[in-house]
J.: 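I have a structure here, written as structure tokens, and I will follow up with some questions on it.
Positions are given from 1, in the same order as the sequence printed here. Just follow the structure's listing: the first ligand is 1, and inside any ligand the first atom is 1.
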Amino acid sequence: MQILGIESTCDETAAAVVADGVAVRGNVVASQIDLHQRYRGVVPEIASRTHIENILPVLRESLATSGVNLADVDAVAVAYRPGLIGSLLIGVTAAKTLAWALGKPLMGVDHVQAHLYSVRLETGVDVPMPAVGLVCSGGHTALYRLQDFLDVQLIGATIDDAVGEAYDKVAAILGLGYPGGPIIDRLAALGDGNAIHFPRSRMGRDSLDFSFSGLKTSVLYHVRGFKGRERDASSLSPQQLHDVCASFQAACVDVLIEKIKRALKQTHGRAVIIGGGVSANRGLRQAAQKLPVQVFFPPLAYCTDNAAMSAGLAYLHLRAGQQSSLDIDAIPFSQFVRA
Ligand code: KG4
Ligand code: ZN
């Protein structure tokens, strides 16, 4: 079964064709980073307008490079929640139109659930269940208990910033570019993670929730002084800059790993799945190897937002006899609420 996937939840316009939930063809991602860079974050109105311009060229390129004709597409999948409403609307409208015109099934999928599914792309690996899932990106930092990829329960979430957001804000404080995650990750490798002890917010003994705003403020005070404007990042030597990056990364990774360990204990999880933009992080990938169960990361190409993960997850939904109606709405909120 060949499924055409569409993604437009935030600032990436993407399309891909995935066969039987695993084999990815024509994976195309049009990034809008250049447009949002000067604002150091995503501007929703610009994102939405740019999706309109990008969606048809991205779909055409995906089909052309996949070698799959529209007539051979068996279903159309789209991430319809959660995300920026103006962005979601473009992908959802494109998907509905295609499904209707082709007379093929439409499957709306949850973007966060698709990030979890991304670990199966290319390999089709079987993950022992129940598993603990961590989705960590610019918009999300949450823990899930998976009975399978369609049976997912929220067990913990950030109460303020997402971890990727903290990376992006710390990069801004340090005068580095946007998005900050990959840059800090690279500079962290050159520094000492024990140089500065930034706070780790553990949120109570058994809590599976996260908080990253205190850590971000602590980096701000360290770099700019307690009034936040006594000096700036230009006064740091290269070694000091690398040490701040490494120490900040060490604090993020420590907290993520600690919460995963707690979740494994509480859910009797047999495996760990880590997805979302921050799952590309080298420090996190290294630290996760020491967890007591098998850990699954997506191939690097599928850590950040993409459409292959949505097409892959849609295959499971359709195989389970589920299908969306042509009047599904884009929904900005997560479907996952605490049990
Ligand atoms: O999944 P994604 O593309 O979009 C959201 O759903 O948010 O994730 C983007 C986020 C950004 O905050 C970016 O800084 C972060 O993922 N990121 C990283 C790395 N690569 C991307 N954070 C830490 N280390 C990385 N290597
Ligand atoms: Zn995402």
Side-chain angles (χ1 to χ4, degrees), residues 5-14 27 29-33 36-37 39-42 44 47 51 78-84 87-88 91 109-119 121 133-142 144 157-158 161-174 176-189 191 193 212 215-216 245-246 248-257 273-288 297-310 312-313 332 334 336:
I6 298 177
E7 151 71 36
S8 71
T9 59
C10 187
D11 63 336
E12 251 101 39
T13 322
N27 183 48
V29 181
S31 161
Q32 301 181 9
I33 284 175
H36 301 285
Q37 216 153 23
Y39 306 102
R40 295 193 195 136
V42 176
H51 283 307
V78 63
Y80 79 112
R81 72 186 305 169
L84 300 170
S87 291
L88 287 165
V109 303
D110 184 281
H111 176 75
V112 169
Q113 212 173 334
H115 270 304
L116 293 168
Y117 182 84
S118 65
V119 302
L121 291 173
L134 169 70
V135 175
C136 45
S137 69
H140 314 277
T141 300
Y144 301 87
T158 181
D161 290 348
V163 62
E165 189 181 355
Y167 266 91
D168 295 337
K169 288 177 177 170
V170 164
I173 292 166
L174 293 172
L176 305 171
Y178 170 85
I183 305 171
I184 292 183
D185 192 9
R186 190 164 41 77
L187 298 181
F212 291 101
L215 169 60
K216 176 194 66 193
C245 289
F248 164 73
Q249 179 146 307
C252 290
V253 170
D254 272 2
V255 169
L256 295 173
I257 295 290
I273 292 167
I274 306 182
V278 182
S279 69
N281 188 269
R282 284 184 283 175
L284 179 59
R285 283 185 176 235
Q286 214 169 16
F297 282 98
L300 278 179
Y302 310 115
C303 290
T304 47
D305 289 348
N306 65 86
M309 62 186 190
S310 300
L313 177 62
S334 174
F336 297 108

J.: Closer than 2.8 Å to the Zn ion (ligand 2): does that hold for any N, O or S atom in H140?
T.: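 H140 does not place any N, O or S atom closer than 2.8 Å to the Zn ion (ligand 2).
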
J.: Report the atom name of the nearest N/O/S atom of H111 relative to the Zn ion (ligand 2).
T.: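 Of all N, O or S atoms in H111, the Zn ion (ligand 2) lies closest to NE2.
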
J.: Passes side-chain contact (heavy atoms from CB on, under 4.5 Å), D110 versus F336? Steps please.
T.: CA-CA 10 Å; D110 184 281; F336 297 108; 3.7 Å; yes

J.: If you round to the nearest 0.5 Å, how far is OH of Y144 from CG of L134?
T.: 9.0 Å

J.: Starting from atom 21 (C) of ligand 1, find the nearest protein heavy-atom neighbour and note its residue, name and distance.
T.: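 Of the protein heavy atoms, G277 O, 3.4 Å lies nearest.
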
J.: What is the distance from atom CG of D168 to atom NE2 of H36, rounded to the nearest 0.5 Å?
T.: 12.5 Å

J.: So, 4.0 Å and heavy atoms of P182: is ligand 1 close enough to count as a contact?
T.: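 Yes; P182 lies near enough to ligand 1 that a heavy-atom distance drops under 4.0 Å.
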
J.: Quick check: Y178 with Y39 (ring centres under 6.0 Å apart)?
T.: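 No, they do not, as the ring centres are separated by 6.0 Å or more.
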
J.: Do you know the tightest heavy-atom contact between A47 and C10?
T.: CB-O, 3.7 Å

J.: Record the part of D185 in heavy-atom contact with ligand 1 below 4.0 Å; permitted values are side chain, backbone, both and neither.
T.: side chain

J.: Show your reasoning for whether side-chain hydrogen bond (donor to acceptor under 3.5 Å, both in side chains) applies to Q249 and D185.
T.: CA-CA 7 Å; Q249 179 146 307; D185 192 9; 3.2 Å; yes

J.: Between OD1 of D305 and NE2 of H115, what angle is found at the Zn ion (ligand 2), rounded to 10 degrees?
T.: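 My answer is 90°, to the nearest 10°.
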
J.: How close do S87 and T9 get, counting heavy atoms only, and between which atoms?
T.: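 Scanning both residues, the minimum pair turns out to be CB-O, 3.7 Å.
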
J.: Specify the protein heavy atom at minimum distance from atom 22 (N) of ligand 1: its residue, its atom name, and the distance to 0.1 Å.
T.: G181 CA, 3.3 Å

J.: Answer yes or no: is there a donor N or O on one side and an acceptor on the other, between the side chain of S137 and the main chain of G276, under 3.5 Å?
T.: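 Not at all, since once roles are kept as given, no pair shorter than 3.5 Å links the two residues.
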
J.: Within ligand 1, which atoms have a heavy atom of T304 less than 4.0 Å away?
T.: 1 (O), 3 (O)

J.: Pick one of side chain, backbone, both or neither for how N281 approaches ligand 1, counting any non-hydrogen atom pair under 4.0 Å.
T.: both

J.: Give the residue and atom name of whichever protein heavy atom lies nearest to atom 11 (C) of ligand 1, and the separation in Å to one decimal.
T.: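 In this structure, atom 11 (C) of ligand 1 has D168 OD2, 3.6 Å as its nearest protein heavy atom.
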
J.: Which of the numbered atoms in ligand 1 are under 4.0 angstrom from any heavy atom belonging to G164?
T.: 12 (O)

J.: Taking a cutoff of less than 4.0 Å between a non-hydrogen atom of the residue and any ligand atom, is R282 in contact with ligand 1?
T.: no

J.: Nearest 0.5 Å, what's the CD-CG distance between Q286 and N281?
T.: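 Atom-to-atom, Q286:CD and N281:CG are 10.0 Å apart.
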
J.: Which residue from A280, S137, A166 reaches closest to atom 5 (C) of ligand 1 through any of its heavy atoms?
T.: S137

J.: For the residue pair Y167 and F248, categorise the inter-ring angle as parallel (less than 30°), tilted (30 to 60°) or perpendicular (more than 60°).
T.: perpendicular

J.: Around atom 3 (O) of ligand 1, find the nearest protein heavy atom and jot down its residue, atom name and distance.
T.: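 The answer is D305 N, 3.1 Å.
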
J.: Closest by any non-hydrogen atom to atom 7 (O) of ligand 1: pick that one out of G138, G83, S279.
T.: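 Going through G138, G83, S279 one by one, G138 has the nearest heavy atom to atom 7 (O) of ligand 1.
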
